[in-house]
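Reading through the structure tokens given below for one structure.
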Amino acid sequence: MELEELRPTWDEYFIMLAKLAAMRSTCLAFPVGAVIVKNKQVVATGYNGSPSGTAHCTAQGYCYPGLSSCAESKSLPSRAVHAEANAIAQAAKHGISTEGSSIYVTLEPCLSCLKLIISAGIHEVFFETGFNSGNSLLVRDSFIQDGLVTLKQIHISEAIAQKAATFLMNPTSVATPSLI
């Protein structure tokens, strides 16, 4: 295999960064990461978790007293600020425009986040795992049909995933004999 083939595509690169961001999640139900990209440059990242200044679900061991995860309740809303909202908020906090950018997310955005993404001027959504179903698909698809946003599911090739694991587990800034 040629060395160039082991270089991640831009989509693989950015979705892997979103996966790394998800590692910072403090949500017990769904660790999610997001990366906003403009002109192939990362402008903001986010992950889901409880609002700034409140106890993290992972730190207290539950979302609500008596519930180990928000996913266990049909009536209580999630305590988490979603990864996409946190990434958009980070960009806004630092005065960075998201107009014309793309977002890479480990989980397909819910409708609330998708509306926020569209309102923030983000026109492309790349995601790893699907989320929406039923009536949510009808609303999501209407946004797509109206030309407000495009969605594309991204998969990381096994070879790139293995190379990423090797890079994460070993020092990377050392000379490689085969490249000298």
Exercise. Parallel under 30°, tilted from 30 to 60°, perpendicular over 60°: which one fits the rings of Tyr13 and Trp10?
Worked result: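 Rings of Tyr13 and Trp10: perpendicular, as their planes differ by over 60°.
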Closest approach of [X] to [Y] (non-hydrogen atoms, all atoms of both residues):
X      : Y      : result
Ala87  : Ala34  : CB-CB, 4.3 Å
Ile160 : Ile156 : CG2-CG2, 3.8 Å
Glu84  : Cys113 : OE1-SG, 3.6 Å
Gln90  : Ala44  : CB-CB, 4.4 Å

Exercise. Any salt bridge (Lys or Arg N to Asp or Glu O under 4.0 Å) pairs touching residues 42-68, not counting sequence neighbours?
Worked result: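 Every pair satisfying salt bridge (Lys or Arg N to Asp or Glu O under 4.0 Å) with a residue in residues 42-68: there are none.
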For this session: Could you name each residue pair satisfying salt bridge (Lys or Arg N to Asp or Glu O under 4.0 Å) that touches residues 38-47, not counting sequence neighbours?
Result: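 Applying salt bridge (Lys or Arg N to Asp or Glu O under 4.0 Å) to every pair that reaches into residues 38-47, excluding sequence neighbours, yields nothing.
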Single-linkage hydrophobic cluster [X]~[Y], side-chain heavy atoms < 4.5 angstrom:
X      : Y      : answer
Leu151 : Val37  : no
Val42  : Tyr47  : no
Ile15  : Phe167 : no
Phe127 : Leu137 : no
Ile117 : Leu111 : yes

For this session: Just do the side-chain contact (heavy atoms from CB on, under 4.5 Å) check on Thr45 and Leu17 with the steps written out, would you?
Result: CA-CA 9 Å; Thr45 65; Leu17 291 178; over 6 Å; no
Any donor and acceptor pair, going by atom type alone, linking the side chain of [X] with main-chain N or O of [Y] inside 3.5 Å?
X      : Y      : answer
Ser142 : Val139 : yes
His94  : Ala92  : no
Arg79  : Ala55  : yes
Thr106 : Gly33  : yes
Thr98  : Ser101 : no
Asn48  : Ser25  : no
Asn132 : Pro109 : yes
Glu12  : Ser157 : yes

Problem set entry | Under the ring-ring contact (aromatic ring centres under 6.0 Å, His included) test, residues paired with Phe126 that sit two or more places apart |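 ring-ring contact (aromatic ring centres under 6.0 Å, His included) list for Phe126, sorted by chain: Tyr104.
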Can you sort out the partners of [X] under salt bridge (charged side-chain N to carboxylate O under 4.0 Å, His left out), two or more places apart, ordered by chain and number?
X      : value
Arg140 : Glu108
Lys19  : Glu128
Asp11  : Lys152

How many angstroms lie between atom [atom1] of [X] and atom [atom2] of [Y], to the nearest 0.5 angstrom?
X      : Y      : atom1 : atom2 : value
Leu168 : Met16  : CG    : CE    : 9.0 Å
Cys110 : Leu116 : SG    : CG    : 9.0 Å
Phe143 : Ile118 : CZ    : CD1   : 5.0 Å

Taking everything shown except [X] itself, do over 12 heavy atoms lie less than 6.0 Å from its [atom1]?
X      : atom1 : answer
Phe14  : CZ    : yes
Asn135 : CG    : no
His123 : NE2   : yes
Asn39  : CG    : no

Problem set entry | side-chain contact (heavy atoms from CB on, under 4.5 Å) assessment of Ile122 paired with Val149 | CA-CA 7 Å; Ile122 299 171; Val149 69; over 6 Å; no
Exercise. Does a side-chain heavy-atom distance below 4.5 Å link Ile36 with Ile88?
Worked result: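 Counting from C-beta outward, Ile36 and Ile88 do come under 4.5 Å.
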For this session: Under the side-chain contact (heavy atoms from CB on, under 4.5 Å) rule, what do Thr26 and Ser50 come out as? Steps first, then yes or no, please.
Result: CA-CA 7 Å; Thr26 62; Ser50 52; 4.2 Å; yes
